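Start at 1 and go down the list; that is how both ligands and their atoms are numbered. Throughout, numbering of the chain's residues begins at 1 and tracks the sequence. On a predicted model such as this, the values are computed, not experimentally measured, just so you know.
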Amino acid sequence: MEMWNNRKIAIGSTNPAKIQAVELAFAALSIAVEIVPVDVPSGVSPQPQTDTETLQGARNRAQAALQQGQADVGIGLEGGIQRTEWGMFLCNWACAITTSGQEGLGGGLRLPLPYDIAIELDKGRELGDVIDAWAGRHGVRKQEGTIGILTQGAVRRADMFRDALLCALAPLMHR
Ligand SMILES: O=c1[nH]c(=O)c2ncn([C@@H]3O[C@H](COP(=O)(O)OP(=O)(O)OP(=O)(O)O)[C@@H](O)[C@H]3O)c2[nH]1
Ligand SMILES: [Mg+2]
């Protein structure tokens with residue numbers, strides 16, 4: 001992985017949980033990088049409603065971050081929901097794009113959302129706002145995240161996005 005050392009990595013978000021996920025991912029790979037948060041549009045709704053929309057949001061952010069951050073690699077991390085016949089799930093996607101146009105995608109954990117959260121999302125509200133009210137907290141989205149609240153802190157949002165990002169980076173690191 002020597003070739004990856006000291007590269008400039010632009011993350012398409014200023015959310016601390018997402019920035020920490022990028023730090024954790026490259027630390028896990030023992031790669032030293034410069035990480036630059038870039039505030040970019042996701043190009044999808046503030047609350048993505050499907051796996052596909054969430055994945056597209058990650059791709060849009062990665063591309064925008066690469067360009068706006070003038071980086072070697074652009075990263076997009078996007079959370080959303082997916083309705084299924086078994087209920088509503090939190091879904092998460094990571095995308096990494098290089099200046100040579102190589103693109104990697106990685107999927108994050110899926111978590112069933114309680115019915116009283118799901119019905120609020122069906123009203124068009126954002127999960128970040130709903131989980132704050134549900135947990136009696138402020139800014140959960142920038143801390144352990146919904147996944148952290150619902151797993152009693154065992155899986156934090158940064159950890160979940162770290163693993164999704166490691167999956168997205170994998171195809172870019174094959175020899
Ligand atoms: O508390 C949360 N824990 C989570 O695990 C989670 N996953 C998704 N969301 C919410 O879904 C919408 C799109 O997500 P999102 O990727 O845009 O994230 P975000 O808005 O927090 O960051 P960002 O847009 O500044 O990068 C936003 O309302 C997020 O709050 C989460 N909120
Ligand atoms: Mg957002």
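- Summary of contacts: the protein heavy atom closest to atom 28 (O) of ligand 1 is Glu126 OE1, 2.3 Å.
- If you look at Asp129 next to ligand 1, there are no close heavy atoms at all, none under 4.0 Å.
- The proximity of Arg157 to ligand 1, defined as any non-hydrogen pair under 4.0 Å, is limited to the side chain.
- Of the charged side-chain nitrogens involved, at least one lies within less than 4.0 Å of a carboxylate oxygen, so that Arg110 and Asp51 count as a salt-bridged pair.
- Shortest contact from atom 11 (O) of ligand 1 to any protein heavy atom: Gln47 OE1, 3.0 Å.
- Around atom CD of Gln70, no more than 12 heavy atoms belonging to other residues, nucleotides or ligands sit under 6.0 Å away.
- With respect to the salt-bridge test (charged N to carboxylate O, under 4.0 angstrom), the residues Arg125 and Glu120 qualify.
- Under a hydrophobic clustering in which Ile, Leu, Val, Met, Phe, Trp and Tyr are joined whenever their side-chain heavy atoms come within less than 4.5 Å, directly or via other members, Leu165 and Val40 fall into different clusters.
- Counting heavy atoms under 4.0 Å from ligand 1, residue Ile131 touches it through the side chain alone.
- In terms of protein heavy-atom proximity, atom 2 (C) of ligand 1 is closest to Thr146 OG1, 3.1 Å.
- Within the 4.0 Å heavy-atom shell around ligand 1 one finds Arg61.
- Cluster partners of Trp93, using a side-chain heavy-atom cutoff of under 4.5 Å among ILVMFWY residues and allowing indirect links, are Leu55, Leu105.
- Of all protein heavy atoms, the one closest to atom 29 (C) of ligand 1 is Arg141 NH2, 3.7 Å.
- In terms of modelled atom types and a separation under 3.5 Å, the side chain of Glu144 and the main chain of Val140 share no donor-acceptor contact.
- Put simply, part of Pro48 is less than 4.0 Å from ligand 1, judged by heavy atoms.
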Could you give the side-chain donor-acceptor pairs of residues 16-28 under 3.5 Å, partners two or more places apart or in another chain?
from: Lys18; atom 1: NZ; to: Leu77; atom 2: O; distance (Å): 2.7
from: Gln20; atom 1: OE1; to: Arg156; atom 2: NH1; distance (Å): 3.4

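- For the 3.5 Å distance criterion, the side chains of Ser100 and Thr98 qualify, holding a donor opposite an acceptor.
- Among protein heavy atoms, atom 14 (O) of ligand 1 sits closest to Gly79 O, 3.3 Å.
- Of the heavy atoms in Met160, none comes closer than 4.0 Å to ligand 1.
- Counting heavy atoms only, Pro46 comes closest to atom 13 (C) of ligand 1 of the residues Pro37, Gly80, Ser13, Pro46.
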